Q: 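I'd like to ask some things about the structure below.
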Amino acid sequence: MTLTIYNSLNRSKEPFETVDPGKVKMYVCGPTVYDSCHIGHARSIIVFDVIYRYLTFAGYDVTYVRNFTDIDDKIINRANEIGISPAALAEKYIQEFYVDMDALNVLRPTSEPRATEHIGNILRLIEILIEKGIAYAAEGDVFFSVDKFDGYGKLSGRKLDDMEAGARVEIDLRKKNPFDFVLWKASKPGEPEWDSPWGKGRPGWHIECSAMSKDILGASLDIHGGGKDLIFPHHENEIAQSEAAFGKTFVKYWVHNGFVNINHEKMSKSLGNFLMIKDILKVYHPEVLRLFLLSHHYRSPVDFSDETVRNVAAGLDKIYAMLERVEKFLGKLPDTGSEKYATSPDAEKDFWSLFTNAMSDDFNTAQGIGVLYDAVRNLNKILDSCEKAEPEHPDDAVNRQTISNECLGIMKIGNILGILSQPPGDYFARKKEAVLERQSVDAGLIEALIQERKDARKSRDFKKADEIRDRLKAMNIEIEDRPEGTIWKVIS
RNA sequence: GGCGGCAUAGCCAAGUGGUAAGGCAACGGCCUGCAAAGCCGCUAUUCUCCAGUUCAAAUCUGGAUGCCGCCUCCA
């Protein structure tokens, strides 16, 4: 199984070969912690969470670093507005970040460095650049001289000459080239500051990633990821800093995820349509959000709308309903930790390997989810035929083995995607609770109505029974008459 | 102005040279007192349009139209 990855640097899919065999060094740009995380953050983090899970599954020893930018203009401004220290503001949003991530079933990276913990490394890196004549100090600021780095623009496809025409930012006369960017910023009174050879100040935005990745992973990384918008200037500048300083290829594979739009509009402050993760999770199960985001290729834009997400919720219900069915049939679900999946002799029906094929092609989760639904349908079919058979059916043991194995494959797919992580009973219970609360419906009343309908059915008063069913339906409650009794579900 | 992306059924979406995955919705069937759930079948002779390359194109090339992103903080 050869893994290919789309590399933004060369704009093509390439076979994945690590710098050190068997080891993956992966760095992903994390959030600037000045506000709550929105769905755009969720996409980036979930995409790379799945890449991390998949690479680990594929047998790589993955070191995954995701940083926090905890010092920056936006943090300082916001802290001043609320009247707390920038450090306290950053800490508050880091804690909130963890609440969101845990809810979304996002694995913790190997390392989560913060810019303020690496000031020493940042200063050393700037000094190297100054010694090499690539950076220069001016009135307490330090700038990177883009003319001194030949490869400037290779990631974003920009040429310095072409960009001059479009320059409309006020030109800083201290810069040798208008595109020179700041490595170190002199502090204004009252701002957080650290001592440096150029006076008190703080790091520029781009330098932290170069310094921290070098410190934790070394000068050359296998994968560097982030949102598409970071390509220019952030990642372009990281390349310039790291390669100019250390003289080695900084990153082998650049991976960038696409944006999330809301009802066909870009999220923006002027439209006021930022969707925060915590608000979405009030309405949708976290795995619905994961499944929704992963149903689209990670490089394509996705459009978040209630209609689309509700469709995904229906799909997740379907998968959990199947798990519940298996649980009932076997008495318990297979254990992905201890039980081993057996490859199917029929390659067309070996859903697990079809899934890994899709994932090996540039992490095509959308195609992989298609395989997942195929597998669910296939297993439901097997269950249909087994449930019809007599309990003493001679093939029973074989059937149980088949069902268990097929289910195991589905659950393994769930593990990679970070879904199907809870017992189906809990999933449906949680869903009921959320809907009942939102609609202020009482579970006791529902049970009473179902009992009443049961009595009516017993006396073959179907008219009354149907009336009760309609009444429940009006309450967004749907019932299913199963062989073992009537159960009810909420319609979301 | 510079750079880049996208256009596939009612909706969402995969598919980068070999004859259109999957989901939601709709419809028909099995099942059911009737439903629901599940399964089966059906739903794009065709992939925005035009021209070209090829035995073969949704996939490659050129052009047109439409939509979007980055170039300024942004996932």
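A quick note: this is a predicted structure, and the numbers were derived from the prediction, not measured. Sequence lines set the chain letters: A, B, ... in the order given, protein chains first and strands last, and positions in each chain run from 1.
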Q: For a quick check of understanding: with a heavy-atom distance under 4.0 Å over all strands, which category does Gly226(A) fall into, base, sugar-phosphate or nothing?
A: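 Sugar-phosphate: the residue Gly226(A), judged by heavy atoms under 4.0 Å, touches backbone atoms but no base.
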Q: Using the C1' atom as the point on both nucleotides, what is the distance between C47(B) and U16(B), in whole Å?
A: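 To the nearest whole Å, 13 Å.
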Q: Establish, for the pair Arg66(A) and Phe48(A), whether the NZ or CZ atom is under 6.0 angstrom from the six-membered ring centre and no further than 45 degrees off its axis.
A: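 Checked: cation-pi criterion not met.
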Q: Want to settle it: does Asn378(A) or Gly258(A) sit nearer the 5' end of RNA chain B, counting the closest nucleotide to each?
A: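 The residue mapped nearer the 5' terminus is Asn378(A).
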Q: Among A14(B), A75(B), G4(B), find the nucleotide with the atom closest to the side chain of Ala366(A).
A: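 For Ala366(A), the side-chain atoms sit closest to A14(B).
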Q: Give the nucleotide from the list C71(B), A14(B), G38(B) with an atom nearest to the side chain of Asp384(A).
A: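 Comparing C71(B), A14(B), G38(B) against the side chain of Asp384(A), the answer is G38(B).
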Q: If we take the C1' atom in both A64(B) and A7(B), what is their distance in whole Å?
A: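 Approximately 14 Å lies between the C1' atom of A64(B) and that of A7(B).
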Q: Going by ring centres under 5.5 Å and near-parallel planes (under 30°), is Tyr373(A) stacked on G23(B)?
A: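 So Tyr373(A) does not count as stacking on the base.
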Q: Please tell me which of the listed nucleotides, C74(B), A36(B), C70(B), lies nearest to the side chain of Glu478(A)?
A: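 The closest nucleotide is A36(B).
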Q: Specify the separation, in whole Å, of atom CE of Met359(A) and atom C1' of A14(B).
A: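 Computing the Met359(A):CE to A14(B):C1' distance gives 14 Å.
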Q: For Trp488(A) and A36(B), is the shortest distance between a side-chain N/O and OP1 or OP2 below 4.0 Å?
A: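 For A36(B), OP1/OP2 do not have a side-chain N/O of Trp488(A) under 4.0 Å.
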Q: When you measure only distances, ignoring hydrogens and angles, does the side chain of Arg377(A) come within 3.5 Å of the base of G38(B) through a donor and an acceptor?
A: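 Side chain to base: no pair present.
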Q: Can you tell me the base-pairing partner of C39(B)? Count Watson-Crick or G-U wobble geometry only, both distances below 3.5 Å, and say none if there is no partner.
A: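 Matched C39(B) with G29(B) under the 3.5 Å cut-off.
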Q: Which nucleotide wins on minimum distance to the side chain of Lys13(A), given the candidates C12(B), U16(B), C71(B)?
A: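 Comparing C12(B), U16(B), C71(B) against the side chain of Lys13(A), the answer is U16(B).
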Q: What's the closest nucleotide to the His41(A) side chain, out of G33(B), C12(B), A75(B)?
A: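 The answer is A75(B).
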Q: Write down the partner of U53(B) under the Watson-Crick or G-U wobble criteria, each distance required to be under 3.5 Å.
A: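 Check on U53(B): unpaired, no WC or wobble geometry under 3.5 Å.
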Q: Figure out the CH2/P separation between Trp205(A) and U72(B), and round it to whole Å.
A: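 After rounding, the reported distance stands at 12 Å.
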Q: Would you say Tyr320(A) and Glu287(A) are linked by a side-chain donor-acceptor pair, where the criterion is simply a distance under 3.5 Å?
A: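 Present: a donor and an acceptor within the cut-off.
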Q: Is there a side chain to side chain contact (heavy atoms under 4.5 Å, CB included) between Asn237(A) and Ile207(A) once you walk through the steps?
A: CA-CA 8 Å; Asn237(A) 291 354; Ile207(A) 195 71; over 6 Å; no
Q: Considering Watson-Crick and G-U wobble pairs with both distances under 3.5 Å, what does U19(B) pair with?
A: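 By the stated definition (distances under 3.5 Å), nothing pairs with U19(B).
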Q: Looking at Lys185(A) and Asp72(A), is there a salt bridge between them, counting it only when a charged N and a carboxylate O are closer than 4.0 Å?
A: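 No salt bridge links Asp72(A) with Lys185(A).
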Q: OP1 or OP2 of A13(B) sitting under 4.0 Å from any side-chain N/O of His296(A)?
A: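 His296(A) to A13(B) OP1/OP2: side-chain N or O found under 4.0 Å.
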Q: Students often get this wrong, so: under 4.0 angstrom with heavy atoms, is Met267(A) touching a base, only sugar-phosphate, or nothing?
A: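 Base contact - Met267(A) has a heavy atom under 4.0 Å of at least one base atom.
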Q: Classify the ring geometry between His256(A) and Trp254(A) as parallel (under 30°), tilted (30 to 60°) or perpendicular (over 60°).
A: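 His256(A) vs Trp254(A) ring planes: parallel.
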Q: Could you give the distance separating C42(B) and G28(B) at their C1' atoms, to the nearest angstrom?
A: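 These two C1' atoms come out 7 Å apart once rounded.
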Q: Please determine if Arg430(A) and Asp426(A) form a salt bridge, counting it only when a charged side-chain N lies under 4.0 Å from a carboxylate O.
A: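 Salt bridge absent between Arg430(A) and Asp426(A).
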Q: Using the side-chain heavy atoms of Lys266(A), tell me which of these nucleotides is nearest: G33(B), G69(B), G2(B).
A: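 Closest nucleotide to the Lys266(A) side chain: G69(B).
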Q: Need one value for Arg469(A): base, sugar-phosphate or nothing, where a base atom within 4.0 Å counts as base even if backbone is also close, heavy atoms only.
A: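 Base: the residue Arg469(A), judged by heavy atoms under 4.0 Å, touches a nucleobase.
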Q: Taking only the C1' atom of each, what is the distance from A56(B) to A20(B) in whole angstrom?
A: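 To the nearest whole Å, 15 Å.
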Q: Return the nearest nucleotide to the side chain of Phe462(A); candidates are A75(B), G33(B), A14(B).
A: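 Given the options A75(B), G33(B), A14(B), the side chain of Phe462(A) is closest to G33(B).
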Q: Name the one of Lys464(A), Arg469(A), Lys463(A) that satisfies side-chain hydrogen bond (donor to acceptor under 3.5 Å, both in side chains) with Asp466(A)?
A: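 Answer to the side-chain hydrogen bond (donor to acceptor under 3.5 Å, both in side chains) test with Asp466(A) among Lys464(A), Arg469(A), Lys463(A): Arg469(A).
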Q: From the set G23(B), A14(B), G33(B), return the single nucleotide nearest to any side-chain atom of Asn311(A).
A: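 Side chain of Asn311(A) sits closest to G23(B).
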Q: If pairing requires Watson-Crick or G-U wobble contacts with both distances under 3.5 Å, which nucleotide is the partner of C6(B)?
A: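 Paired with C6(B), as far as the under-3.5 Å criterion goes, is G66(B).
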Q: For Glu480(A) and for Val260(A), locate the closest nucleotide of RNA chain B by heavy-atom distance; then report the residue assigned to the nucleotide nearer the 5' terminus.
A: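 Closest to the 5' end, via its nearest nucleotide, is Glu480(A).
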Q: To the nearest Å, how far apart are Glu387(A) CD and C39(B) P?
A: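 Result: 12 Å.
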Q: I'd like to know if Asp73(A) reaches the base of C73(B) with its side chain such that a donor and an acceptor end up less than 3.5 angstrom apart.
A: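 For Asp73(A), whose side chain was compared with the base of C73(B), there is no donor-acceptor pair (under 3.5 Å).
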Q: Distance check needed: G38(B) C1' versus Asp317(A) CG, whole Å only.
A: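 Spelled out: CG on Asp317(A) to C1' on G38(B) is 14 Å.
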Q: Tell me what Gly227(A) touches on the nucleic acid: a base, only sugar-phosphate, or nothing, going by heavy atoms under 4.0 Å.
A: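 Since only primed, P, OP1 and OP2 atoms lie under 4.0 Å of Gly227(A), the category is sugar-phosphate.
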Q: Please state the C1' separation for the pair G22(B) and G62(B) - nearest whole angstrom.
A: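 Their C1' atoms lie roughly 34 Å apart.
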Q: Assign Ser385(A) to base, sugar-phosphate, or nothing according to its heavy-atom contacts below 4.0 angstrom with the strands shown.
A: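 Since no nucleic acid heavy atom lies under 4.0 Å of Ser385(A), the category is nothing.
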Q: Would you state whether a donor and an acceptor, one from the side chain of Asp466(A) and one from the base of G33(B), lie under 3.5 Å apart?
A: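 Answer yes: a donor N or O sits under 3.5 Å from an acceptor.
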Q: Name the nucleic acid region contacted by Leu372(A), choosing base, sugar-phosphate or nothing; use a 4.0 angstrom heavy-atom cut-off, strictly under.
A: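 If one applies the 4.0 Å heavy-atom cut-off, Leu372(A) turns out to touch nothing in the nucleic acid.
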Q: Between Asp141(A) and Arg174(A) (salt bridge meaning N to carboxylate O under 4.0 Å), is one present in this structure?
A: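 So Asp141(A) pairs with Arg174(A) through a salt bridge.
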Q: Parallel, tilted or perpendicular: which one describes the rings of Phe304(A) and Tyr284(A), with boundaries at 30° and 60°?
A: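 Ring orientation, 0 to 90° scale: perpendicular.
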Q: Report which part of the nucleic acid Lys318(A) touches: base, sugar-phosphate, or nothing (heavy-atom distance under 4.0 Å, all strands).
A: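 Counting heavy atoms under 4.0 Å across all strands, the contact made by Lys318(A) is with sugar-phosphate only.
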Q: Checking all strands, does His38(A) fall into the base, sugar-phosphate, or nothing category for heavy-atom contacts under 4.0 angstrom?
A: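 Base, at least one base atom sits under 4.0 Å.
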Q: Determine the interatomic distance between P on U8(B) and the same-named atom on U48(B); round to the nearest Å.
A: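 One P to the other, the span is 6 Å.
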Q: Need one value for Asn364(A): base, sugar-phosphate or nothing, where a base atom within 4.0 Å counts as base even if backbone is also close, heavy atoms only.
A: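 If one applies the 4.0 Å heavy-atom cut-off, Asn364(A) turns out to touch the sugar-phosphate alone, with no base involved.
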Q: Classify the nucleic acid contact of Arg453(A) as base, sugar-phosphate or nothing, counting any heavy atom under 4.0 Å across all strands shown.
A: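 Answer is base: heavy atoms of Arg453(A) come under 4.0 Å of a base.
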Q: Compare the minimum distances between each of A14(B), C39(B), A75(B) and the side chain of Phe259(A), then state the nucleotide with the smallest one.
A: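 Comparing A14(B), C39(B), A75(B) against the side chain of Phe259(A), the answer is A75(B).
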Q: Across all strands shown, which nucleotide pairs with A14(B) by Watson-Crick or G-U wobble geometry, both distances under 3.5 Å?
A: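 Partner of A14(B): none.
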Q: Roughly how many Å apart are G29(B) and G17(B), using the C1' atom of each and rounding to a whole number?
A: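 It comes out at 39 Å once rounded to the nearest Å.
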